[in-house]
2 protein chains.
Amino acid sequence: MLSTNQIIEAMSSQGLRITDQRKTLARLFAETEGYLSPKDVYEYMGRTYSGLSFDTVYRNLRVMQELGVLEQVIFEDGVKFKASCSSGHHHHHLICLQCQKTLPIEFCPMQLTDTPDQFQVVEHKFEIFGYCKDCQSSGKVSPKTDQNQASSKGQ
Amino acid sequence: MLSTNQIIEAMSSQGLRITDQRKTLARLFAETEGYLSPKDVYEYMGRTYSGLSFDTVYRNLRVMQELGVLEQVIFEDGVKFKASCSSGHHHHHLICLQCQKTLPIEFCPMQLTDTPDQFQVVEHKFEIFGYCKDCQSSGKVSPKTDQNQASSKGQ
DNA sequence: TTGGATGCAAACCATTTGCAGATCT
DNA sequence: AGATCTGCAAATGGTTTGCATCCAA
């Protein structure tokens with residue numbers, strides 16, 4: 001995960017202006033393990049910046065995503081963001097359905113996957129959903145019935 | 001893939017009424033290999049049913065998805081639907097970035113994936129994006145530059 | 001006959017845009 | 001100073017809802 005300073009650094013090096021809001025945004029993402037929706041961000045930021053408007057949040061999320069400091073993922077219940085993984089190399093994620101924290105896994109199944117050679121592979125997605133240690137022990141989880149967000153019948 | 005009649009059968013057996021529109025809808029999905037957006041469906045259906053309204057399309061798509069005859073997938077550019085795979089068993093898909101046709105693959109990497117045992121796996125997603133034989137030969141494809149829909153940096 | 005299906009209009013929500021004024025560099 | 005940011009308001013696009021009417025069973 002990128003640190004607050006790495007995020008700010010990246011933004012400033014691209015000619016973006018470092019406003020107070022953007023500093024706070026950088027800190028928020030650097031310190032959050034899970035995914036945040038635009039609304040999450042708006043609510044968090046709103047506590048500090050009273051006149052805050054939603055469009056500024058959207059603008060900044062987009063800018064940061066285009067810049068590569070944020071990763072955008074589309075869940076069933078909408079778009080969410082988190083700080084980019086800084087580990088340079090390719091990896092996948094376990095994603096907690098409860099708290100949405102992610103755990104990296106190094107294993108990539110692509111080398112083992114036989115694809116018809118008429119098909120030209122461009123990219124792939126491999127994500128595992130479930131419940132992390134903390135959420136299991138907190139007892140909030142009813143795995144069998146939970147047809148939760150972020151899921152999709154393992155296609 | 002389900003056939004027109006299988007779709008109609010399933011709907012009727014659930015007490016849904018088989019209207020003309022729903023027959024056409026069943027046929028459309030049975031005969032379409034790729035994914036269709038609500039707009040695609042609306043436009044197609046609109047040719048036959050002049051007074052067609054968008055909300056009916058949405059309602060039917062939702063009903064059919066809840067019934068299990070359609071599969072819903074969320075792409076970067078929105079929700080899309082296709083007829084459910086009838087092959088009872090678990091499998092994954094290659095998805096063409098150009099025409100969105102899907103090819104099933106039997107290989108599932110989950111058995112080979114080591115997950116921390118504190119993590120309780122619920123489900124997974126494994127999808128491969130690229131260009132199918134037809135789209136490659138039709139020369140419409142510029143793979144290197146295409147930061148296409150339906151994609152997501154293989155995390 | 002009658003409850004589900006449809007079309008219409010309007011509501012709703014998330015996201016984007018134009019613009020004027022404020023802020024960073 | 002000058003370009004970028006921000007807030008506001010309004011537009012947009014996708015999706016849902018309420019209601020009266022219509023139609024399949």
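Convention: sequence-line order gives letters A, B, ...; per-chain numbering from 1.
A sub-4.0 Å separation between OP1 or OP2 of C:dG4 and a side-chain N or O of B:Arg22 is absent. Within the structure, every side-chain polar atom (N or O) of A:Gln21 is placed at least 4.0 Å from both OP1 and OP2 of C:dT23. One finds no side-chain N or O of B:Ser53 lying less than 4.0 angstrom from the OP1 or OP2 phosphate oxygen of C:dC8. For the pair A:Arg59 and D:dC5, the criterion of a side-chain N or O lying under 4.0 Å from OP1 or OP2 is not met.
Residue B:Glu31 qualifies as enclosed at atom CD: its count of foreign heavy atoms under 6.0 Å is above 12. Within 6.0 Å of atom CD in A:Glu33, 12 or fewer heavy atoms from other residues, nucleotides or ligands are found, so the atom counts as exposed in its surroundings.
The interatomic distance linking A:Gln72 (CD) with C:dA14 (C1') rounds to 13 Å, in whole Å. Following rounding to the nearest Å, A:Leu25 (CG) and D:dC5 (P) show an atom-to-atom distance of 13 Å. Following rounding to the nearest Å, B:Lys39 (NZ) and D:dT12 (P) show an atom-to-atom distance of 15 Å. Across the protein-nucleic acid pair, A:Gln14 atom CD and D:dT4 atom C1' stand 15 Å apart, rounded to whole Å. Atom CD of B:Gln65 is separated from atom P of D:dT15 by 13 Å (rounded to the nearest Å). In this structure, the NZ atom of A:Lys23 is 8 Å from the P atom of C:dC24, given to the nearest Å. Remark: P of C:dG7 and CG of B:Asn60 are 9 Å apart, rounded to the nearest angstrom. Rounded to a whole Å, the CD1 atom of A:Ile74 is 14 Å from the C1' atom of D:dG14.
Below 30°, between 30° and 60°, or above 60°: for B:His89 and B:His91 the angle between ring planes is between 30° and 60°, a tilted geometry. Ring-plane geometry between B:His92 and B:His90 is classed as perpendicular, the angle between the planes exceeding 60 degrees on a 0 to 90 degree scale with a lower cut at 30.
Ion pairing between A:Lys80 and A:Asp40 fails under the 4.0 Å rule for side-chain N and carboxylate O.
The side chain of A:Asp55 approaches D:dA9 more closely than any other nucleotide in the set C:dT6, D:dT16, D:dA9. Residue A:Arg62 places its side chain closer to C:dT17 than to any other of C:dT17, C:dT6, D:dG14.
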Tabulated below should be each protein N or O lying under 3.5 Å from an N or O of nucleotides 23-25 of chain D; please produce it.
unit_1, atom_1, unit_2, atom_2, d
D:dA24, N3, B:Arg17, NH1, 3.4
D:dA25, OP1, B:Ile18, N, 3.2

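Residues A:Tyr35 and A:Phe75 place their aromatic rings such that the two centres sit under 6.0 Å apart.
Considering B:Thr24, B:Val69, B:Leu70 as possible partners of B:Phe29, the one that fulfils the side chain to side chain contact (heavy atoms under 4.5 Å, CB included) test is B:Leu70.
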